[in-house]
Structures are given as structure tokens and as C-alpha cells.
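Structure first, then comments.
Here, residue 1 is the first one in the sequence, and each next residue gets the next number. Because the structure is predicted, anything quoted here is derived from the model rather than measured.
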Amino acid sequence: MVSLATTTGLRRTALLGLAIVAGLLGGCQTNGPATGTPPTAEATPPVGQESAAAKTALAFEPVVGIPEDRATVLATELGAGAAASNLPIIGRDKPDVTFRIKGYFNAVAQGGTTKVSYVWDIFNAEGTRVHRISGSESVPAALPDPWSGIPDETLKKMARQTVDELRSWLDSGAPTTALASDPPPPGAGSSYAEAPTAGTRAGLTKTQAMATGRGGRIPDAAALHSAAAADAAAMPEPPRFTYFLSDVAGATGDGAKALTYALSGQLEAAGGARVATPRDADYVIGGEATVAPPVRGSQIVAIIWSVADRGGKALGSVRQIAKFAQGALDAAWGTSADTAAASAAPGVLALIPQEQ
């Protein structure tokens with residue numbers, strides 16, 4: 001027979017897990033806008049700790065830079081650890097949140113290893129960033145998709161470290177001295193210092209769409225070449241590499257140009273310069289999309305990005321797969337193109353020699 005105390009503990013663990021999973025996954029998508037909002041639930045503190053929880057309530061905002069399936073592993077471990085440590089976690093849409101936590105993750109292949117780093121920035125109710133938790137781990141794997149080499153245990157370790165740091169910060173009185181000197185986290189974009197907003201879906205989709213700096217415009221090839229030439233003339237330093245990128249084959253709707261333009265924005269941010277012809281490029285990049293027939297109201301979309309050197313030698317490829325609501329990409333790809341490009345860019349860049 002399960003005791004009342006055990007039942008309460010299990011309920012608290014489940015509620016915290018729901019609140020954290022809902023928060024972290026609220027905007028962490030690679031398949032466009034979500035069709036619904038995940039459920040959230042406020043954690044019920046153990047008997048005798050209601051007053052502490054009432055004074056301080058933490059909420060996780062959607063994490064940036066981590067694939068959704070990996071975010072689920074992270075969020076599950078965070079939920080279990082938060083419950084065990086009596087962290088006062090509540091749903092991000094609750095009106096009485098004291099501190100909001102924004103997370104940023106980045107995985108980069110370096111030689112024969114992959115380094116995954118994380119930053120958690122904590123904001124008070126006035127939108128001032130008051131605390132930062134950060135760390136990194138390296139694993140012996142270097143793959144075109146860095147995230148595919150990160151084991152679950154590494155993410156669980158990061159979750160446990162995060163819980164320990166949060167517990168320590170709260171136990172020290174949750175000091176709220178404003179932080180201004182820390183650099184923005186990797187992948188945070190220009191809006192990283194903005195306070196999280198309750199009830200919004202701010203997160204991966206929004207941030208990476210802004211990071212491209214394109215404002216949703218999809219120009220024709222001539223306009224793109226003219227703009228690239230003007231940008232190159234204004235930049236005193238030469239690009240790190242040049243590349244030719246043609247329209248993505250097989251994409252539905254405006255995906256052929258939207259995907260190409262979004263990836264180009266990511267490569268330009270990494271120091272690349274797009275050129276008009278393959279013969280002028282250090283690297284030739286191609287993309288091919290496959291949209292499967294609908295099954296039970298959804299469709300699978302796969303994208304393969306290939307990279308070759310100027311001599312035509314294949315250097316490798318980056319593969320992506322995602323599920324969409326049926327017909328969601330029949331016309332405009334919108335932020336789905338931005339998130340797909342942002343996810344693919346690290347793998348594409350990993351195939352380009354660093355000394356270039």
C-alpha cells in the first residue's frame with residue numbers, strides 16, 4: 001500500500017515535471033508553430049514549506065538551441081531533480097512567477113570531440129537579469145549533427161548541475177544584483193536581454209527567426225547577389241569562406257527559396273559569403289527536401305544538405321527530419337525555414353575546414 005506521504009511526493013514530482021517540460025518545450029520546435037499549448041500544472045509544496053514557495057516561484061521559459069527530443073530528456077531530469085530539491089517551480093503562464101529562467105544550449109564539434117554548453121539566465125519580475133548559471137561538457141564524438149553525439153546521461157548531468165545551482169542560489173537568499181557585463185549566450189540573438197513574457201511562445205522559433213535578420217523577405221537570386229555584393233564592399237575583412245547555394249529541390253510552397261535564404265543567413269553570420277556561381281565558390285552546398293504523403297493528419301518532411309569542395313569532392317551531408325500538420329507547408333514555410341536552417345547550420349559548418 002502506498003502511503004499518503006509517498007503519494008504526495010509522487011504528485012509533486014509529476015507536477016514539477018509537467019511544469020518544466022511545458023516550459024522548456026513551449027517554443028522548442030523544428031516543425032513550425034505548435035497546434036496547441038502543452039499542459040502546465042503548479043507544483044504543490046510539501047507541508048511546512050508553503051510560505052517559502054509563496055515568496056519565490058520559478059518558471060522555465062522555452063529553451064533555445066536544443067532539439068525537441070533532447071529537450072525532453074533534459075526537462076524530465078530537471079523535473080525529478082527539482083522535486084527532490086523542493087524547488088518552487090510553477091507553470092510559466094501563472095501570474096505569480098517571481099523569477100523566469102531562460103535557457104540557451106549550443107553543441108559544436110571540435111576535432112574529435114563535441115562540446116555542449118549551456119547558459120541559464122534568470123530574470124526578475126521587472127525584467128532585470130539577476131543571475132546566470134552556466135557550464136559545459138565534452139564527449140568523444142564529432143558528427144555532422146553535433147546533437148546526435150550527445151548521450152542522454154550528459155544532458156541529465158547538466159540538469160542535475162542546474163538544479164544544484166538553483167538550490168544554492170535560493171538558499172543564499174536569491175540575490176538580485178543586476179548583471180550587465182556577461183556576454184550573450186550562444187544562439188541567444190539580439191533579443192537575449194529581453195525579459196521573458198508570460199503567455200507567449202518565445203523561444204527557439206522566435207529567436208532563430210530573428211537571428212537570420214531577414215524579416216521574412218525572400219528575394220530573387222539577382223537581388224540576393226546584389227545585396228551580397230554591397231555587403232562585401234562594405235566589409236573591410238575578407239570572408240572566412242565563400243559558398244554557392246542553389247534553391248532547395250523538392251520543397252513545397254515557397255520552401256525552395258525560403259530554406260535557401262534562411263541557411264544563407266546562418267552561413268553569413270558564421271563568416272561566409274554567398275557567390276553567384278559554383279566556379280567562384282570554395283564550397284558548393286545543395287539542399288533536397290522530401291515531403292511525404294499525409295498520414296493521419298500529419299506529414300513527414302526530410303531535408304538533406306550536401307557539401308562539396310570547389311573540385312566537386314563530396315565532404316559530407318546533414319540530414320533532418322520533422323513532422324508537420326497536414327498541409328502546413330503547402331504555401332509558406334515562414335519560421336519553419338528559419339528553425340530548419342538554424343538546426344542544419346552547425347552540421348554544414350562542421351564539414352567546412354576550420355582553417356579556411
Just checking, any donor-acceptor pair under 3.5 angstrom between side chains of [X] and [Y]?
X    : Y    : result
Y118 : E137 : no
Y243 : S264 : yes
T277 : D280 : yes

Checklist line | Audit row: V284, V307, side chain to side chain contact (heavy atoms under 4.5 Å, CB included) steps and yes/no | finding: CA-CA 6 Å; V284 177; V307 182; over 6 Å; no
With no hydrogens and no angle check, is any side-chain donor or acceptor of [X] less than 3.5 Å from a backbone partner on [Y]?
X    : Y    : value
S172 : W169 : yes
Q299 : G327 : yes
W333 : T252 : yes

Lys/Arg-Asp/Glu bridge criterion (N-O < 4.0 Å) met for [X], [Y]:
X    : Y    : answer
E288 : R319 : no
E268 : R274 : no
E61  : K102 : no

In terms of hydrophobic clusters joined by side-chain contacts under 4.5 Å, are [X] and [Y] together?
X    : Y    : result
V318 : V108 : no
L170 : I101 : yes
L349 : L315 : yes
L351 : F241 : yes

What I'd like to find out is whether the side chain of [X] reaches to under 4.5 Å of the side chain of [Y], using heavy atoms alone.
X    : Y    : result
L166 : H131 : no
T290 : V301 : no
N124 : T98  : no

Note to self: Let's go through R132 and E165 carefully: what are the C-alpha distance in whole Å and the side-chain angles of both, what is the deciding distance for salt bridge (Lys or Arg N to Asp or Glu O under 4.0 Å) to 0.1 Å, and is it a yes or a no?
What the structure shows: CA-CA 10 Å; R132 169 170 285 189; E165 291 279 355; over 6 Å; no
Quick one: closest heavy-atom pair of [X] and [Y], and the distance?
X    : Y    : answer
S85  : R167 : O-NH1, 2.8 Å
L74  : I66  : CD2-CD1, 4.5 Å
A281 : V275 : CB-CG2, 3.6 Å
T154 : V116 : CG2-CG1, 4.1 Å
T260 : A256 : OG1-O, 2.7 Å
G272 : P239 : C-CB, 4.3 Å

Margin query: If you apply the rule side chain to side chain donor-acceptor pair (under 3.5 Å), what do you find for D282 with T242, and how did you get there?
Written below: CA-CA 5 Å; D282 296 319; T242 59; 3.0 Å; yes
Margin query: For residues 61-97, which residue pairs pass the ring pair (Phe, Tyr, Trp, His ring centres under 6.0 Å) check, not counting sequence neighbours?
Written below: none
Notebook entry, point to check: Aromatic rings W147 and F105: how do their planes relate, parallel, tilted or perpendicular, breaks at 30° and 60°?
Noted result: tilted
Next item on the list: Could you tell me whether W120 and F60 have their ring centroids closer than 6.0 angstrom?
Entry: yes
